[in-house]
Amino acid sequence: SLNVGTGANNIVQLDGSGNLPAVSGANLTGLSSSGNLFTAPADGTVTNGDMLILRSDGDVAKVAVESSVFPFVTSNTAVDVEVGNEYTTLEKTKIAVNKADPTKFCIIGKTDDDRGYISSGTVSNGAITMTNSAIIHGDFYEGDVCHIEGDYWCVGFRSGGESGRMRTWNSSGSSGGTLGTIYTFTTNSTYRIAVDSPKSGGTDDHLIALIWMDNNDSNQGHFLVALHNGSGSLARTSSSHHYEWSGSSAINNQNDLFFEHVNGQTQGIIAYFDSPNTVNKVMPFRYNSSTPTFGTAVTTGVRASDTGVGFRNCSIAYNENQSGVFVVAIVAHSTNYLHVIPFTFSEGSSGNLPSSITKGTAIVGNENLDETTCDVFLSGNTTNVGGTIFYNGYSNKVQVQPFTISSNVLTAGTTQDIVTG
């Protein structure tokens, strides 16, 4: 006779519930070499290759995985952004989104009779509706637009005589909305204007950061932060509030910025072309006690292509829902290939600059886009997903290339055509 137990030469006996005791199954045969197998009902449709999760009720379900391809729907109807179809062309366009309510947006551009045009719209499930429009100025050359608070938008632009000007627009008013006073922030030769404001609803959503190239000051990069009083008027737009952010380096190409309230501190990053060193860089800044402070610039390693005034070949994007990450899109001077470069950084605490800016692994296109302009975005309702939108001059298409971000490395998705011709 043999003893009952789980040791060597013992006979295995079922326990009081009729189950086998814990024993080694190392010599069992007839099992799948891929591991333990079990059968479970599926909640929903699953197919071979899906990633599954075992739920607490014993069912399995498909895991939702963020896609690197955006679901652009070709059946969506494109609309004319010119409310009333007043003009045959609208060029040098820029777009801004209401950061607190991303269903609302605003577009500016130059009309065929050289006037500055602004229009607002909404988007819902792919359907775009234009809501209002106005003429910003009778002599418009180039500019940029940002959302401030509520239904207020701010436009920074270059007008006749190469003066730099700012103006607010309340898009909710009837018959073209309500335009604010035109403020002249500089009478010097003004180029490469970019503006941004922190998210509406914050303690500093009344601040508007504006950067530009001053052609009468050796192409230096200048910076100011204007104040919105909540009803359309602006303050702190005079030259006494100008600051030079490019130091001894001239800028003679594209620039862009983001400006946000983070960790109790209003801060951001400027993307620009360092003309003497012929390379694009990124520079941190913060705004505290009515004074900006600028940090040390970090190179992107890429020189942007030269384009006409008002056309952007260097763009920057930041997702406030994903701290410590921004991306820069640059069309390279030597090849016209599109480079999309990720950066990680440490957001500054109150009174401190963003720091530890670290360049990651970029994605680089392999097609000469010819004369082009581009923009870059990070998805606001998720993390790790973004895209660039650009004009492919050789193919005469507007295209989007989506990407994902992981550990400061970009992975490209499938380039998609938005419109041809």
Side-chain ([X]) to main-chain ([Y]) donor-acceptor, under 3.5 angstrom:
X	Y	answer
Gln267	Val262	yes
Ser119	Val81	yes
Gln399	Ile418	no
Glu367	Tyr337	no
Arg236	Leu227	no
Thr299	Gly301	yes
Asn132	Gly176	yes
Asn277	Val279	no
Thr372	Tyr391	yes
Ser379	Val385	no

Ring-plane angle category for Phe294 and Phe223, please: parallel below 30°, perpendicular beyond 60°, tilted otherwise.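 Ring orientation, 0 to 90° scale: perpendicular.
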[Y] and [X], any side-chain heavy atoms less than 4.5 Å apart:
X	Y	result
Thr203	His261	yes
Phe157	Ile108	no
Ile211	Ile193	no
Ile135	His137	no
Val327	Phe403	yes
Met166	Leu224	yes
Ile148	Thr168	yes
Asn313	Ile330	no

Under the criterion ring-ring contact (aromatic ring centres under 6.0 Å, His included), which of Trp245, Tyr243, Phe259 is the partner of Phe285?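 So the option named by the test is Phe259.
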How long is the gap from [atom1] on [X] to [atom2] on [Y], to the nearest 0.5 Å?
X	Y	atom1	atom2	value
Leu378	Asn319	CG	CG	5.5 Å
Asn229	Leu234	CG	CG	7.5 Å
Thr300	Lys359	OG1	NZ	6.0 Å
Met283	Ile269	CE	CD1	10.0 Å
Leu207	Glu260	CG	CD	11.5 Å
Asp196	Ile270	CG	CD1	11.0 Å

List the steps, then state whether side chain to side chain contact (heavy atoms under 4.5 Å, CB included) holds for Thr178 with Trp169. CA-CA 6 Å; Thr178 304; Trp169 182 54; 5.8 Å; no
Would [X] and [Y] count as having a side-chain donor-acceptor pair, cut-off 3.5 Å?
X	Y	result
Glu149	His206	no
Asp151	Asn170	no
Asn396	Asn392	no
Asp214	Gln220	no
Ser17	Asn19	no
Arg312	Thr373	no

Salt bridge (charged side-chain N to carboxylate O under 4.0 Å, His left out) between Asp375 and Lys94, worked out: CA-CA 10 Å; Asp375 208 349; Lys94 297 290 175 64; over 6 Å; no
Starting from the C-alpha separation in whole Å, work towards a yes-or-no answer on side chain to side chain contact (heavy atoms under 4.5 Å, CB included) for Thr388 and Cys374. CA-CA 7 Å; Thr388 52; Cys374 71; 5.8 Å; no
Partners passing side chain to side chain donor-acceptor pair (under 3.5 Å) against Ser171 (at least two apart in sequence or in another chain):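 In terms of side chain to side chain donor-acceptor pair (under 3.5 Å), with neighbours along the sequence ignored, Ser171 is linked to Trp153.
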Is the NZ or CZ atom of [X] positioned over [Y]'s six-membered ring, under 6.0 angstrom from the centre and within 45° of the axis?
X	Y	value
Arg158	Tyr141	yes
Lys397	Phe390	no
Arg303	Phe273	no

Give a yes or no on whether Asn366 atom CG has more than 12 heavy-atom contacts from other residues, nucleotides or ligands under 6.0 Å away.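 At most 12 heavy atoms, drawn from other residues, nucleotides or ligands, come within 6.0 Å of this atom.
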If you count heavy atoms of other groups shown closer than 6.0 angstrom to CD of Glu162, is the number above 12?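 Above 12, so yes.
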What's the verdict on side chain to side chain contact (heavy atoms under 4.5 Å, CB included) for Val328 and Phe343, showing C-alpha distance, side-chain angles and the deciding distance? CA-CA 8 Å; Val328 178; Phe343 289 86; 4.1 Å; yes
What closest approach, in Å, do [X] and [Y] show between heavy atoms, and which atom pair accounts for it?
X	Y	answer
Ala194	Asp144	CA-OD2, 3.4 Å
Arg165	Thr184	NH1-OG1, 2.7 Å
Ile208	Cys154	CG2-SG, 4.2 Å
Asn98	Gly150	ND2-O, 3.6 Å
Asn216	Ser189	ND2-N, 3.5 Å
Lys199	Ala100	CE-CA, 3.9 Å

Testing Ile182, Thr186, Thr187, Thr190 one by one against Ser163 for a side chain to side chain contact (heavy atoms under 4.5 Å, CB included), which residue passes?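 Of the listed options, the one satisfying the test is Thr187.
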Test side-chain hydrogen bond (donor to acceptor under 3.5 Å, both in side chains) on Ser238 and Ser240; report intermediate values, then the result. CA-CA 5 Å; Ser238 66; Ser240 61; 2.8 Å; yes
Between Val97 and His147, is a side chain to side chain contact (heavy atoms under 4.5 Å, CB included) present by the stated rule, with each step listed? CA-CA 7 Å; Val97 173; His147 178 253; over 6 Å; no
Are the aromatic rings of Phe326 and Phe345 close, with centres under 6.0 Å apart?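 Under 6.0 Å, so yes.
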